[in-house]
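Heads up: the structure comes next, in structure tokens.
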2 protein chains.
Amino acid sequence: MRVSKAQAQANRAHIVETASRLFRELGYDGVGVADLMAAAGFTHGGFYKHFGSKADLMAEAAASSFAQSVSNSENMSVEALFTMYLSRQHRDARDVGCTMAALCGDAARQSPEVRSTFAEGIADMLEKAGSESPDTSNAEQQRTQMISMLAQAVGAIMLSRSCPDDSPLADEIIDVCRAQILANLSADVKG
Amino acid sequence: MRVSKAQAQANRAHIVETASRLFRELGYDGVGVADLMAAAGFTHGGFYKHFGSKADLMAEAAASSFAQSVSNSENMSVEALFTMYLSRQHRDARDVGCTMAALCGDAARQSPEVRSTFAEGIADMLEKAGSESPDTSNAEQQRTQMISMLAQAVGAIMLSRSCPDDSPLADEIIDVCRAQILANLSADVKG
DNA sequence: TGTACATCAGTGAACGCGCGTTCACTGATGTAC
DNA sequence: TGTACATCAGTGAACGCGCGTTCACTGATGTAC
């Protein structure tokens, strides 16, 4: 049965958001098109009225979550952002957490479209973080530091998640990297 | 046709090593048992004479590559190790590169056995790196720094790989993180 | 504004395909005498 | 040492299953008059 244009658009957005959460939680290969549509409240047949393929949806789901991340970090200090990012809560809440940390392993083996989306997501996050500081005199150094911290934060979450749930090492990695990044940031203010 | 005990053991080791390379290159879900056995020079039926399941092999393949990494880094300075690790060559040679960087995204969604293997691999690498320095007075600080650098290095490779092949950002991430880590290490010597 | 018709979002059965795993079989290896 | 037999690594067909995708169909929505 046909549905209004506005409703169809809303349904589509809902499917993208559901996919974004499920992919982050279970990985690209861990969710089927049918699972995904059922989770969104539809049957699988309608999928191809909205998307060309599962891979296309992956690119859209990633783009959507990156845009959301950038808008969520609006008006947040870099310190507060990394404190949230490098927490056990974030590590344990994969479905609503950072898409880079959840899916960059999968992304590396996917289509150019998905990988372009990731590159843009990374670039946007670096730009966003750089624009937090009004000091433009050492913009290059800020970018350098931001890249290092982002790599460290993503790496820490991913390594921590690859350990067993009750592993002391999993917690240690998170805690050490958070302390290190916050120390770097406060040293930067002083220096 | 039956094969000598020694031959069977050698064949088994060869399958583990082939799997280790293929999983790193294509991901756990990207390689089938039949593909894998064919790549090792066998038919798929014999697989279950050696392994209980594909998941069991994953744990063995990871353990094997971790052991190899530790032995390969024998008699190598930490500086030389990170210089190799944070290179475009390493990023582009996934099949023979670091298993953490290639598979920790997959590992996070796998069995406790696989995740224990990863935790042990991380622990071994930290221990190995700590033992490079004869200075035991600040062992704790050294461990902290090693965890930070490992997270940053793994994160940098993974983020770089998630960008398109020709992306300037992909190279920038590698180059910036290598420079940062080497600078930290030389500051440490002075400090 | 009311009517007739085209559109198309959503349904659910069906498609071919490749997956992990099982199994009866083969024949060289290992073993007991 | 030689012989008879049990073992078992490796083979290749077959299994059930779930995957991504297609398709004929439905019926409310959108549109033309």
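All heavy atoms count here, side chains included; hydrogens, waters and symmetry mates do not.
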Here the distance between atom P of C:dT21 and atom CG of B:Leu36, to the nearest Å, is 12 Å

Here the gap from A:Asp175 atom CG to A:Gln180 atom CD, rounded to the nearest 0.5 Å, amounts to 13.0 Å

message = Between A:Ser162 and B:Gln110, is there a side-chain heavy-atom distance shorter than 4.5 Å?
response = no

B:Gln9 CD to C:dT29 P, in whole Å, measures 17 Å

If pairing means Watson-Crick or G-U wobble with both distances under 3.5 Å, then the partner of C:dC19 is D:dG16

In whole angstroms, the gap separating C1' of C:dC8 from CZ of A:Arg2 amounts to 5 Å

Taken to the nearest whole Å, CZ/A:Phe47 to C1'/C:dG12 is 17 Å

From NZ of A:Lys54 across to P of D:dT21 the rounded distance in Å is 8 Å

note: A:His44, atom NE2; D:dC23, atom P; distance rounded to Å ~ 14 Å

Where does the angle between the aromatic ring planes of A:Phe66 and A:Phe118 fall among parallel (under 30°), tilted (30 to 60°) and perpendicular (over 60°)?
perpendicular

So CZ of A:Arg12 and NE2 of A:His50: to nearest 0.5 Å the spacing works out to 7.5 Å

Regarding B:Asp35, tell me which of base, sugar-phosphate or nothing describes its non-hydrogen contacts under 4.0 Å with the strands shown. sugar-phosphate

Walking DNA chain C from its 5' end, the first of B:Ser4 and A:Phe42 to be reached, judged by nearest nucleotide, is A:Phe42

By the Watson-Crick or G-U definition, both distances under 3.5 Å, C:dA32 is matched with D:dT3

>> Need one value for A:Lys49: base, sugar-phosphate or nothing, where a base atom within 4.0 Å counts as base even if backbone is also close, heavy atoms only.
In response: base

In this structure, CD1 of B:Ile122 is separated from CD of A:Glu172 (nearest 0.5 Å) by 10.5 Å

Checking D:dA9, D:dG20, C:dT22 against the side chain of B:Asn11 (C-beta onward), the nearest is D:dA9

note: A:Gln7, atom CD; C:dT7, atom P; distance rounded to Å ~ 23 Å

As its Watson-Crick or G-U partner within any shown strand, both distances under 3.5 Å, D:dA9 has C:dT26

note: B:Phe51, atom CZ; C:dT22, atom P; distance rounded to Å ~ 15 Å

Against the side chain of B:Thr43, the closest entry in C:dT11, D:dA9, D:dG12 is D:dG12

When B:Gly45 and B:Lys5 are each assigned the nearest nucleotide of DNA chain C, the 5'-most assignment goes to B:Gly45

- Base, sugar-phosphate, or nothing for B:Tyr48, non-hydrogen atoms under 4.0 angstrom? base

On the nucleotide C:dG10, are OP1 or OP2 found under 4.0 Å from the side-chain N or O atoms that A:His50 carries? yes

